[in-house]
Every structure is written in C-alpha cells, then in structure tokens.
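Worksheet: the structure to be examined is printed underneath.
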Amino acid sequence: MGRVCKRAVVCLLLLTLLILYLLPWSWSRSLESVSAFFNYDDEMLGQERQGKVKESRSNPDVVTVAGLGQRRLCPLGSFRLSTMETCMPWLGCKEITNEVTTKINIGSGAVKKVYKAVWRNHTVAYSKLKKTAYLKYFSKGIEMLKTLQHPSVLQFVGSCNTTLLTEFYKFGSATFFIERILKLYSYRKFDNVRTRFNMALSYLEAIHFLHNSPVGTRVMCDSNSVYKTLTQFLVTQDFKLVLGDLDRLPEVNHEANLFIKCFSKRVRSQFVAPEQLWPFENETFDYSRMPSYDEKTDIWKIPGVVDYLLGKVNGSEVIRLHLFKVHQQCHNRDPRQRPTTKVLLEEYNRVKNMLFFLNIT
C-alpha cells in the first residue's frame with residue numbers, strides 16, 4: 001500500500017512539472033497566433049494604400065505623392081491636402097466665397113453644420129455656424145485649430161467669419177466608423193485587432209499632444225461619456241484618429257495654480273473621473289463650490305475609451321491583459337498617482353512591439 005502511495009505522489013509531481021514546462025510554450029503559441037492574426041491584413045492594407053497612390057497620381061494637380069498614409073505638416077499658415085503636392089496659404093473669405101462649392105450635409109451639432117464641399121477639385125469639409133449665440137465657441141474652436149496644427153489634429157484649410165474649411169475624412173467620427181463602417185462588407189476585413197489597436201494608440205497620441213501642446217496643458221472637457229469623447233475624433237484614410245473638435249480645451253497650469261471645471265451642471269456618470277463628480281451628496285449642486293481639477297481626468301477615461309475601441313475581435317483580450325496593470329493605475333482615485341501620457345505611450349508601444357511583427361504607421 002505504501003509503494004502505491006509513493007508511486008502516486010511521484011506521478012503527480014511529474015505531471016505538475018510537465019504542466020509547468022508546457023505553460024510558457026502554450027502562452028508563446030497564443031501570442032504567435034495573435035501576432036499572425038494582426039498581420040493577416042498587412043498585404044491587403046498595403047494594396048489599399050497603393051490604390052490610393054494611383055488615385056492621387058491621376059489627379060492633374062499632383063506631380064509626386066508623399067509617403068503612403070503619411071501626413072506631412074506644412075509651415076504655420078499653410079496646408080496641404082492628401083491630393084496636393086505643395087503647401088498653399090490658408091484660404092480666406094475671397095477664396096472660400098469664389099472657389100468653394102458645398103454639396104451635401106454630412107453632420108450637425110449644437111454649434112455648427114458640416115457639409116461635404118469641393119475646392120479646386122479637392123474634397124473638403126465646410127462647417128457653418130448654426131446660431132450666433134454659439135459664435136464665441138465657434139471662433140474659439142477655429143483659433144485653437146489654427147494654433148494646434150499637428151498630425152493628431154484635424155487639418156485647417158481656411159475660414160471666413162462664420163464658416164470653416166478643413167480636411168475631409170470620408171469615414172466620419174470614430175463612433176460612426178466603428179458602429180457603421182467596419183460592419184460594411186467591404187471593410188469587415190479590416191475589423192481586426194491591428195486596426196483597433198492602432199486607433200487606440202492614435203487616440204492616446206492625441207491626448208499626449210494636448211497635455212504637451214505649444215499653448216500649455218489642454219484638457220478634453222467634451223468627454224462625459226465614451227460616445228461623446230469619440231464624436232470629437234475623426235478617422236483618417238489609414239484608420240487613425242485625429243481630434244476634430246477643439247472648442248472646449250481649457251488650460252491647466254500647475255505652476256500658476258490654474259485648474260479647471262468642465263461641467264456647469266452636476267454630472268452623474270461612471271465614465272468621468274471621481275474628482276469631476278459633485279462631492280456633497282445630500283446638497284444641491286453649486287458650481288462655485290465645485291472643486292477644480294487637472295489633466296489627470298483625461299487619464300482616468302483612457303481605459304474606458306480604449307476598451308471600446310478594442311471591441312471583441314480576436315486578440316483584443318490579449319491586448320487588454322497586457323494593458324491591465326497600467327490601466328489599473330489610470331483608475332487610481334488619487335489623480336497624482338495616475339500615470340502621465342508619456343508613461344502610457346511607452347507601455348502601449350512596448351505592447352505593440354512585443355505582439356506585432358510589422359510596424360505599419
């Protein structure tokens with residue numbers, strides 16, 4: 001009987017050692033499968049981009065074409081659309097009045113209506129103020145757009161009084177792209193973990209730019225839900241997010257003890273940071289008594305936005321697993337203990353370099 005027990009114990013130990021030996025191999029195989037899946041559409045995506053180049057070369061206004069999917073910045077005061085070779089000065093009232101033709105309405109918000117338009121055979125977005133009561137916000141958005149020209153920001157083309165001209169993105173907002181475009185038959189092949197992770201990374205890059213902008217630390221105040229946040233972003237031809245609405249980006253300055261309050265009314269949302277909630281539960285909301293806060297409110301929201309962007313495609317759970325620790329830090333109730341966008345970018349790029357073989361930007 002004793003020998004039987006000893007043999008059983010030995011067998012159990014051997015089985016345990018075998019499982020421990022095979023676990024790393026199994027994990028590495030799972031990562032390989034995710035990486036393979038992420039690279040599945042690389043060739044197809046490359047063909048799409050080559051098609052875009054051919055289309056650009058057919059345009060008589062273009063002599064040569066820039067790198068695939070790359071947006072080259074022009075000097076301040078000028079712009080260059082994807083179908084243009086050289087930079088041109090921002091358009092003013094004369095050019096917008098005489099050379100721009102509006103086509104169809106493609107969107108409308110509280111402040112402005114947006115139309116698809118044409119300028120010298122180039123498609124652009126034409127925005128018009130809806131109500132004079134919102135002129136202050138409209139004008140502020142234009143000034144911020146002109147000041148914050150960057151690959152993470154919608155490209156400014158021109159303006160005239162109550163009209164604004166910007167680059168046109170056929171995919172529309174991030175929410176529209178995910179809920180509608182990716183479900184179309186012709187785009188289902190791109191609804192994968194690579195596309196979605198790159199969108200998440202470009203979203204983080206935009207927040208990083210705002211927190212380190214040439215006009216100080218800026219905070220996204222138009223963000224009381226995931227949906228509202230992502231309506232502020234447009235999707236580029238190569239499936240990246242660019243910030244398209246800049247009329248509510250107040251400044252935080254720690255040295256000057258300058259902080260912000262985003263909402264004039266009480267917010268009841270699990271999406272916003274704890275410091276953005278009214279702290280006196282049994283008392284009526286009073287804006288003057290509401291404590292102010294800083295850019296770390298954006299950090300709190302990043303895990304929720306990224307979770308939505310990743311969706312439920314094959315491989316997204318592996319991404320979530322690798323980002324779990326840093327996302328947990330984003331939800332620290334003490335804002336000072338939350339990571340900066342620099343730390344987050346380093347972690348996101350570490351995950352990208354570890355899981356994905358090819359780096360298509």
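For the numbers below, each heavy atom of this structure counts, side chains included, while hydrogens, waters and symmetry mates do not. Everything numeric in this text was worked out from a predicted model, so none of it was measured.
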Query - Heavy atoms from other residues, nucleotides or ligands near OH of Tyr287 exceed 12 (cutoff 6.0 Å) - result: yes
Report summary line: In this structure, CG of Leu234 is separated from CG of Asp245 (nearest 0.5 Å) by 9.0 Å
**Report entry** Minimum side-chain heavy-atom gap Ile319-Leu355 below 4.5 Å
**Finding:** yes
Report summary line: In Lys128, Lys113, Lys130, the residue satisfying side-chain hydrogen bond (donor to acceptor under 3.5 Å, both in side chains) with Ser108 is Lys130
Query - Leu241 and Ser202, any side-chain heavy atoms less than 4.5 Å apart - result: yes
Query - Short side-chain donor-acceptor distance under 3.5 Å, Lys116 and Thr123 - result: no
Report task. Group every Ile, Leu, Val, Met, Phe, Trp and Tyr by side-chain heavy-atom contacts under 4.5 Å, then state whether Phe233 and Val114 land in the same group. Result -> no
Report summary line: Tightest non-hydrogen contact, residues Pro89 and Phe79, listed as O-CE2, 3.3 Å
Query raised in the report: Is there side-chain contact between Arg218 and Glu295, with heavy atoms separated by less than 4.5 Å?
Result: no
Query raised in the report: Got more than 12 heavy atoms from elsewhere within 6.0 Å of OH, Tyr134?
Result: no
Requested in this report: Indicate yes or no: does Arg196 engage Asp191 in a salt bridge with an N to O separation below 4.0 Å.
Outcome: yes
Query - Carboxylate-amine/guanidinium contact Lys183 Glu179, below 4.0 Å - result: yes
Query raised in the report: Rounded to the nearest 0.5 Å, how far apart are OG1 of Thr101 and CZ of Arg120?
Result: 12.5 Å
Query - Ring centers of Phe171, Phe176 separated by less than 6.0 Å - result: no
Query raised in the report: Salt bridge check: are Arg336 and Asp334 linked by an N-O gap of less than 4.0 Å?
Result: yes
Query raised in the report: Do the side chains of Val226 and Phe271 get nearer than 4.5 Å, heavy atoms only?
Result: yes
Requested in this report: Compute the centroid of each ring, for Trp90 and then for Phe156, and state whether the two points are separated by less than 6.0 Å.
Outcome: yes
Query raised in the report: Roughly how far, to the nearest 0.5 Å, is the OG atom of Ser127 from the CG atom of Leu165?
Result: 8.0 Å
Query - Neighbour count >12 (heavy atoms, 6.0 Å) for atom NZ, Lys140 - result: no
Query raised in the report: Do Val306 and Tyr308 belong together in a cluster built from hydrophobic side chains that touch within less than 4.5 Å?
Result: yes
**Report entry** Between CE on residue Met199 and OG1 on residue Thr236, distance to nearest 0.5 Å
**Finding:** 10.0 Å
Requested in this report: Consider only side-chain heavy atoms of I, L, V, M, F, W and Y, link residues closer than 4.5 Å, and tell whether Val100 and Ile106 are in one cluster.
Outcome: no
Requested in this report: Give me the ring orientation class for Phe197 and Tyr348: parallel if the planes are under 30° apart, tilted from 30 to 60°, perpendicular past 60°.
Outcome: parallel
Requested in this report: Kindly say whether Asp307 contributes a backbone atom to a donor-acceptor pair with the side chain of Arg320 at under 3.5 angstrom?
Outcome: yes
**Report entry** Atom of Val313, atom of Ser316 and distance for their closest heavy-atom approach
**Finding:** O-OG, 2.9 Å
**Report entry** Ile299 with Val343, same ILVMFWY side-chain cluster at under 4.5 Å
**Finding:** no
Query raised in the report: More than 12 heavy atoms of other residues, nucleotides or ligands under 6.0 Å from CZ of Phe324: is that the case?
Result: no
Query raised in the report: Does one hydrophobic cluster hold both Leu129 and Leu246, with members joined at side-chain heavy-atom distances below 4.5 Å?
Result: yes
Requested in this report: Taking the six-membered ring for Trp and the single ring otherwise, decide whether the centroids of His122 and Phe168 are under 6.0 Å apart.
Outcome: no
Query raised in the report: Can you check whether Ala273's main-chain N or O pairs, donor with acceptor, with Gln276's side chain at less than 3.5 Å?
Result: yes
Query raised in the report: Taking everything shown except Lys136 itself, do over 12 heavy atoms lie less than 6.0 Å from its NZ?
Result: no
Query raised in the report: Any idea how Trp300 and His331 line up, ring-wise: parallel (<30°), tilted (30 to 60°), or perpendicular (>60°)?
Result: tilted
**Report entry** Any His211 side-chain heavy atom under 4.5 Å of Thr340 side chain
**Finding:** no
Query - CD/Glu283: more than 12 non-hydrogen atoms of other groups inside 6.0 Å - result: yes
Report summary line: Rounded to the nearest 0.5 angstrom, the CZ-CD1 distance for Arg338 and Ile302 is 10.5 Å
Query raised in the report: Do the ring planes of Phe280 and Trp278 sit parallel (below 30°), tilted (30 to 60°) or perpendicular (above 60°)?
Result: perpendicular
Query raised in the report: Do Leu249 and Val219 have side chains that get closer than 4.5 Å, going by heavy atoms?
Result: no
Query raised in the report: Does a salt bridge link Arg266 with Glu281, judged by any charged N lying under 4.0 Å from a carboxylate O?
Result: yes
Report summary line: d(Thr341 OG1, Asp298 CG) to nearest 0.5 Å is 9.0 Å
**Report entry** Donor-acceptor contact present, side-chain Gln232 to main-chain Lys228, <3.5 Å
**Finding:** yes
**Report entry** Side chains of Pro214 and Leu148 in contact at under 4.5 Å (non-hydrogen atoms)
**Finding:** yes
Query raised in the report: Looking only at side chains, do Glu167 and Tyr169 share a donor and an acceptor under 3.5 Å apart?
Result: yes
Query raised in the report: Heavy-atom distance under 4.5 Å between the side chains of Thr166 and Leu164, does that happen here?
Result: yes
